[in-house]
There are 2 protein chains.
Amino acid sequence: MSTSAATVLDALGDGHRRSIMEHLAEGPLAVGVLADRLPISRPAVSQHLRVLKEAELVVESAAGTRRFYRVNPAGLAAVREYFDRFWSTTLDNFAALAETESTRSTS
Amino acid sequence: MSTSAATVLDALGDGHRRSIMEHLAEGPLAVGVLADRLPISRPAVSQHLRVLKEAELVVESAAGTRRFYRVNPAGLAAVREYFDRFWSTTLDNFAALAETESTRSTS
DNA sequence: CATGTCGGTAAGTCTGGACTAACGGTAAGT
DNA sequence: ACTTACCGTTAGTCCAGACTTACCGACATG
């Protein structure tokens with residue numbers, strides 16, 4: 001519930017955040033490693049990770065001075081569910097519209 | 001092909017554009033009607049529709065002086081496919097990681 | 001304790017893009 | 001032809017947010 005699709009899609013509206021997610025999909029990574037693989041500074045990565053964490057798309061785990069981030073499957077599930085429902089209503093209303101069109105000549 | 005997931009997600013990164021898509025999911029609408037149901041002006045809606053059209057999330061059809069917009073199922077399919085593949089790789093690497101953890105003591 | 005590493009936070013700058021007002025163009029009606 | 005309705009485009013303003021620099025705390029190691 002707290003993971004609203006709006007928050008998630010706002011978070012994924014940024015290219016760098018999507019890149020972070022794609023990197024984390026391969027496995028957990030520390031912040032510094034992530035920053036080395038991206039064309040932005042470490043603080044920028046940190047701020048992106050905060051947004052992703054607030055959207056519940058990633059989870060954090062401390063290990064010494066390092067903090068590992070990994071993808072939160074529940075966050076992904078929320079988006080998938082959003083698009084599934086969107087897809088359903090779109091097709092349903094499309095079908096209803098087509099039926100109205102066909103019955104227009106019949107009635 | 002031309003519908004890259006990046007373009008689509010950039011387009012859906014705006015709340016008003018998502019609102020437009022949700023309205024259009026119920027059925028085709030003219031620009032003016034759409035503007036009446038949203039807290040923004042008609043030109044703003046027009047510009048959002050251009051972005052959505054470039055992302056191939058909607059299609060346009062002229063009828064007199066009015067132009068109807070409707071959801072393009074192919075655009076939705078692109079996002080769904082993106083998240084499906086994302087979901088798969090995430091779970092795959094999670095499984096691989098778990099296996100490495102368990103074999104760590106064995107080897 | 002001193003030093004080094006890792007990473008979040010604060011402050012401030014700056015650009016992308018969302019918005020409105022004004023205009024122009026096309027189709028339908030009178 | 002004149003008017004009205006509908007809509008895209010342009011010009012220009014303005015603000016959210018993405019970025020960097022600098023700073024600070026937490027933990028490990030000598």
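Labels below follow one simple rule: chain letters A, B, ... track the order of the sequence lines, proteins then strands, and each chain is numbered from 1.
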Could you tell me whether Y69(B) contacts a base, only the sugar-phosphate backbone, or nothing, with contacts defined as non-hydrogen atoms closer than 4.0 Å?
sugar-phosphate
Please examine the side chains of F86(A) and M21(B), heavy atoms only from C-beta on, and report whether any two atoms are closer than 4.5 Å.
yes
For atom NZ of K53(A) and atom P of dT9(C), their distance in whole Å
7 Å
Just so I know, are the side chains of L52(A) and I20(A) near enough to count as touching, which here means a heavy-atom distance under 4.5 Å?
yes
Just one of R70(A), R50(A), R67(A) clears the side-chain hydrogen bond (donor to acceptor under 3.5 Å, both in side chains) bar with E60(A), so which one?
R67(A)
Worked check of salt bridge (Lys or Arg N to Asp or Glu O under 4.0 Å) between D36(A) and R42(A)
CA-CA 8 Å; D36(A) 288 339; R42(A) 186 189 51 72; over 6 Å; no
State the pairing partner of dC6(C); accept Watson-Crick or G-U wobble contacts with both distances under 3.5 Å, and report none otherwise.
dG25(D)
Any side-chain N or O of R66(B) under 4.0 Å from OP1/OP2 of dT26(C)?
no
Check whether any side-chain heavy atom of L57(A) lies under 4.5 Å from a side-chain heavy atom of N72(A), and answer yes or no.
no
Short question: side chain of N93(A), backbone of G27(B) - any donor-acceptor pair under 3.5 Å?
no
With distance as the sole test, does R18(B) use its side chain to make a donor-acceptor pair with the main-chain N or O of L12(B) at under 3.5 Å?
yes
Return the value, rounded to whole Å, for the distance between atom CG of L34(A) and atom C1' of dG8(C).
15 Å
Okay, side chain of S88(A), backbone of D84(A): is any donor-acceptor separation there less than 3.5 Å?
yes
Would you tabulate the nitrogen or oxygen pairs shorter than 3.5 Å linking the protein to nucleotides 17-20 of chain C?
unit_1  : atom_1 : unit_2 : atom_2 : d
dA18(C) : OP2    : R17(B) : NH1    : 3.0
dC19(C) : OP1    : H16(B) : ND1    : 2.5
dC19(C) : OP2    : H48(B) : NE2    : 2.3
dT20(C) : OP2    : S41(B) : N      : 2.9
dT20(C) : OP2    : S41(B) : OG     : 2.4
dT20(C) : O4     : Q47(B) : NE2    : 3.4

Atom pair distance, as rounded to whole Å: CG in L12(A) and P in dA18(D):
12 Å
Between the protein and nucleotides 24-27 of chain D, list the N/O to N/O atom pairs that are separated by less than 3.5 angstrom.
none

